[in-house]
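A short worksheet on the structure shown next.
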Amino acid sequence: MHEAEAGDVGEAAAPDAPRKTRKPYVWNPPPVPDWADLRAGGERRATFLRYWRTAGLKDLGDFAFHYAFRFMPIDLCSAIGAAMGRLAGRFGYKENAVRARANLRRIDPTLSEVEIEARVRSHFENVGRVMAEFSILHRLVKAGRITVENDGPALKWSKDGPLIFISCHTGNWEATGALMHAVGIDWSAIYTPPGRPAQHVIANRVRARFGVHLLPPGAPGIRPTIRLLQEGGTLSMFCDEVHHGRVMAPLFGRPAHVDGNLAIAVRFARMTGAKIIVGHCTRLKGARFHVHCSDPVDLPSHTDPDVPLIEDVKVLDAMLEPIIRKNCGQWYFLDNSFD
């Protein structure tokens, strides 16, 4: 339940980029067989029965857990999510745990094996907590579970706009949205629809409670996003992204490129004059969070409009890397591939 690949916005890759910019992302919603398929008979009925014996049951389970968790105390809901994530990591996602260990050695070579195992466990627990906490996100601010640091610049530029708020998938990143709504920031987001229809419905309903305007996923969202920023709006983008299972950013020693959301954020900023602020959420303990916001980022292109796009990308990547390194045990994409 994270943000989408916005796609190419029209600028060619810089000469020193290692590969061409990927094609614009186009999202096609997964088909869900309905009662008409059951009544039709033949292959359509077979498709209906296959779906409801497999993916359909998972969807029903997602809805059941979501609404059951809504009535639980915040800490109990989060703790159950942590236990489920821990069990999933131990028994169901062993290959992911192997990748997570390898990635931790890349991200922070100073970690001992004991520290690596603690962070792998923390990663799976955090994923489980985030999924469970979707049920109680709307209660976090009122319960005093979210603190914020240096929100002044974000509040100022959300009013004086345009503003691009870049974030990453640490702590419970959805808690940042709850906080933005509570302090009166009117914002829009490009997002990646979850793989299962039930998760998509749940995510959209929760985000709707925070007043977020969800822009069309992928390529169809490019023009509305540019128009939003030209009109002085606030855009939220997650730039620690994964494309086809591969971590696009942060780079952590890999060659810089213009093939991801960091470059897209810079393109949007160059086209509209938007300020860029980097923020992130950290899980303190249990279901308590701290959100930190940077000052507006000074990019090389602010002083030299002709500087290659990739130089701006490097500056933003250099801001994301320390955030992920410090909070690697809370990073959602820890178990994806870097190569």
Side-chain angles (χ1 to χ4, degrees), residues 1-14 17 19-30 154 157-169 173-174 176-177 180-181 185-195 197 200-201 203-205 207-208 210-244 248-249 257-279 296-297 299 301-302 305-310 312-313 316:
M1 300 178 180
H2 44 83
E3 305 236 351
E5 302 138 341
D8 186 8
V9 292
E11 183 171 334
R19 57 187 182 276
K20 296 180 181 179
T21 302
R22 67 177 184 247
K23 294 180 180 179
Y25 166 79
V26 177
W27 177 66
N28 295 308
W157 287 105
S158 69
K159 292 180 174 61
D160 297 344
L163 171 65
I164 299 175
F165 188 85
I166 289 178
S167 192
C168 49
H169 293 83
W173 52 94
E174 299 285 352
T176 305
M180 292 172 74
H181 176 65
I185 295 179
D186 183 18
W187 59 292
S188 301
I190 305 170
Y191 77 112
T192 298
H200 191 195
V201 171
N204 285 358
R205 286 179 180 174
R207 290 163 178 162
F210 304 144
V212 60
H213 175 221
L214 296 176
L215 295 163
I222 294 172
R223 290 185 184 276
T225 299
I226 294 172
R227 185 164 56 250
L228 166 80
L229 293 171
Q230 288 173 337
E231 294 172 354
T234 296
L235 174 70
S236 171
M237 288 186 68
F238 284 76
C239 290
D240 60 329
E241 58 174 322
V242 166
H243 183 63
H244 292 314
M248 305 297 292
H257 59 82
V258 293
D259 200 16
N261 280 0
L262 283 176
I264 292 169
V266 170
R267 288 187 179 104
F268 284 150
R270 288 186 176 198
M271 294 170 68
T272 65
K275 297 289 184 182
I276 293 179
I277 286 177
V278 177
V297 180
L299 296 174
S301 59
H302 290 165
D306 296 323
V307 71
L309 181 77
I310 204 165
D312 284 351
V313 169
L316 292 177

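Being a predicted model, the structure only gives us computed values, none of them experimental.
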Rounded to the nearest 0.5 angstrom, the CD1-OG1 distance for Ile222 and Thr225 is 8.0 Å
For a quick test of your reading: what N or O donor-acceptor pairs under 3.5 Å do the side chains of residues 271-278 make, sequence neighbours left out?
unit_1: Thr272; atom_1: OG1; unit_2: Phe268; atom_2: O; d: 2.7
unit_1: Thr272; atom_1: OG1; unit_2: Ala274; atom_2: N; d: 3.4

In this structure, CG of Asp240 is separated from CG of Asn261 (nearest 0.5 Å) by 9.0 Å
Value for CD1 (Ile226) from CZ (Arg267), rounded to nearest 0.5 Å, stands at 11.0 Å
Keeping the roles fixed (side chain from Asp186, backbone from Gly233), state whether a donor-acceptor pair exists under 3.5 Å. no
Ala154 and Leu163 have their tightest heavy-atom pair at O-CD2, 3.8 Å
### Parallel, tilted or perpendicular: rings of Phe210 and His181 (30°, 60°)
tilted
When rounded to the nearest 0.5 Å, the distance separating CG of Leu235 from CH2 of Trp187 is 10.0 Å
Between Leu215 and Ile190 the two heavy atoms that sit nearest each other are CD1-CG1, 4.0 Å
Smallest heavy-atom separation, Arg270 atom then Ser301 atom, equals NH2-CB, 3.6 Å
Is a donor on one side and an acceptor on the other found under 3.5 Å between the side chain of Ser167 and the backbone of Gly279? yes
What one should report as the nearest heavy-atom pair of Val297 and His302 is O-CE1, 3.2 Å
Arg205 meets the side-chain hydrogen bond (donor to acceptor under 3.5 Å, both in side chains) criterion, sequence neighbours left out, with Tyr67
Nearest heavy-atom contact between Ala249 and Leu262 is CB-CD1, 3.7 Å
Please check if the side chain of Asp312 supplies one atom and the backbone of Leu299 the other of a donor-acceptor pair under 3.5 Å.
no
For His257 and Met248, the nearest pair of non-hydrogen atoms, with its separation, is NE2-O, 3.0 Å
CE (Met237) and CD1 (Ile264) are apart, to the nearest 0.5 Å, by 5.5 Å
Quick one: are Phe165 and Thr176 in side-chain contact, heavy atoms under 4.5 Å? yes
